[in-house]
Amino acid sequence: MIAFVSGPVAALTPTLAVIEVGGVGMAVQCTPHTIAGLRTGEPARLATSLVVREDSLTLYGFADDDERQVFELLQTASGVGPRLAQAMLGVHRPDALRAAVESGDEKALTAVPGIGKRGAQKLLLELKGKLGAPLGSGAVVGAQRAAASGPAPWTEQLSAALIGLGYASREAEEAVTAVTPQAEAAIASGGSAPVPQLLRAALQTLNRTR
């Protein structure tokens with residue numbers, strides 16, 4: 001198993017980072033949150049999980065070992081593969097997922113693309129006790145308070161991801177403004193702002209203006 005990769009960032013896309021390791025470019029699938037913390041040309045270290053299939057080898061990357069561990073634990077639930085596990089971490093941080101599972105928060109799971117009401121109920125039953133208690137409950141409470149007071153958490157995450165992809169701060173701000181109605185609609189329906197989808201929509205907006 002490849003436990004981590006370390007080296008300069010050779011390239012970034014909304015879902016992929018290429019890390020140069022010993023002269024070889026390692027393509028690593030990442031969440032927008034992880035991508036947002038990377039910069040092209042700068043050194044990076046990503047915890048990784050290698051998923052082996054008959055016709056492919058896919059490397060998934062994470063900001064830290066805790067995120068990787070949650071990614072692997074999520075896949076112990078029936079019907080959860082690496083793509084869905086990554087989507088869950090793309091919408092919620094590890095502690096937020098722990099809190100959702102331990103409290104039976106069905107709405108938090110249905111905010112993840114690909115998880116419906118019945119699927120969320122099943123996941124809550126299967127994952128109960130597997131992820132453990134939140135490691136930093138204060139951070140979770142803070143995030144919940146921030147979400148209640150405004151859209152700042154998702155806007156900051158989205159803006160950082162765009163800047164990490166090479167866009168100027170002004171362009172990132174305009175793109176965030178353009179997708180704000182989409183985010184507010186998701187929040188109003190009882191979910192959370194779907195950052196991966198918002199990032200794709202923001203990139204489409206930027207491509208149209210260039």
Side-chain angles (χ1 to χ4, degrees), residues 2-22 24-51 58-74 82-99 111-113 131 134-136 138-140 142-144 146-147 151-176 179 183 192-203 206:
I2 301 174
F4 69 90
V5 294
S6 179
V9 179
L12 292 171
T13 76
T15 60
L16 184 93
V18 178
I19 309 297
E20 185 179 341
V21 182
V24 177
M26 305 286 285
V28 187
Q29 298 286 334
C30 302
T31 65
H33 174 83
T34 300
I35 292 290
L38 304 176
R39 296 290 182 272
T40 302
E42 295 185 5
R45 184 185 188 280
L46 297 177
T48 57
S49 179
L50 180 64
V51 176
T58 306
L59 200 59
Y60 290 85
F62 310 93
D64 53 44
D65 292 336
D66 179 50
E67 192 173 45
R68 177 184 61 196
Q69 182 181 29
V70 171
F71 171 79
E72 293 173 347
L73 287 172
L74 289 172
R83 289 187 180 278
L84 183 56
Q86 189 180 51
M88 294 171 76
L89 285 166
V91 175
H92 300 295
R93 306 301 301 134
D95 263 3
L97 280 173
R98 291 188 178 100
V112 178
L131 302 185
L135 301 181
V140 174
Q144 291 173 339
W154 73 262
T155 60
E156 291 176 359
Q157 186 177 348
L158 182 57
S159 179
L162 291 168
I163 292 172
L165 290 170
Y167 289 96
S169 297
R170 179 186 56 77
E171 292 177 308
E173 183 179 344
E174 290 175 353
V176 169
V179 300
S192 58
V195 175
Q197 292 95 313
L198 292 173
L199 179 57
R200 285 193 289 271
L203 288 170
L206 288 166

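Minimum heavy-atom separation, Glu171 to Leu206: O-CD2, 3.6 Å. In terms of heavy-atom proximity, Glu67 sits nearest to Thr34 at OE1-OG1, 3.5 Å. Pro32 and Leu199 make their closest contact through CB-CD2, 4.1 Å (heavy atoms, listed as atom of the first residue, atom of the second, distance). When all heavy atoms of Leu59 and Ala27 are compared, the pair lying nearest together is CB-O, 3.8 Å.
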Would you give me the side-chain donor-acceptor pairs under 3.5 Å for residues 4-22, sequence neighbours excluded?
from: Thr13; atom 1: OG1; to: Thr15; atom 2: N; distance (Å): 3.3
from: Thr13; atom 1: OG1; to: Leu16; atom 2: N; distance (Å): 3.0

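Of the possible donor and acceptor atoms, one in the side chain of Arg39 sits under 3.5 Å from a partner among the backbone N and O of Ala36.
Here Pro113 pairs with Val91, Gln197 under the side-chain contact (heavy atoms from CB on, under 4.5 Å) rule; sequence neighbours left out. For Arg98, the salt bridge (charged side-chain N to carboxylate O under 4.0 Å, His left out) partners at least two apart in sequence or on another chain are Asp66, Asp95. For Glu173, there are no side-chain contact (heavy atoms from CB on, under 4.5 Å) partners, not counting sequence neighbours. Asp65 pairs by the salt bridge (charged side-chain N to carboxylate O under 4.0 Å, His left out) definition with Arg68, not counting sequence neighbours. Annotation: side-chain contact (heavy atoms from CB on, under 4.5 Å) contacts of Ala85 (sequence neighbours excluded): Phe71, Leu74, Gln75, Val80.
For residues 40-50, the set of pairs meeting the side chain to side chain donor-acceptor pair (under 3.5 Å) definition, not counting sequence neighbours, comprises Ser49-Glu72.
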Between Tyr60 and Arg83, is a side chain to side chain contact (heavy atoms under 4.5 Å, CB included) present by the stated rule, with each step listed? CA-CA 9 Å; Tyr60 290 85; Arg83 289 187 180 278; 3.9 Å; yes
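The structure places CG of Leu46 at 12.0 Å from CD1 of Ile2, a figure rounded to the nearest 0.5 Å.
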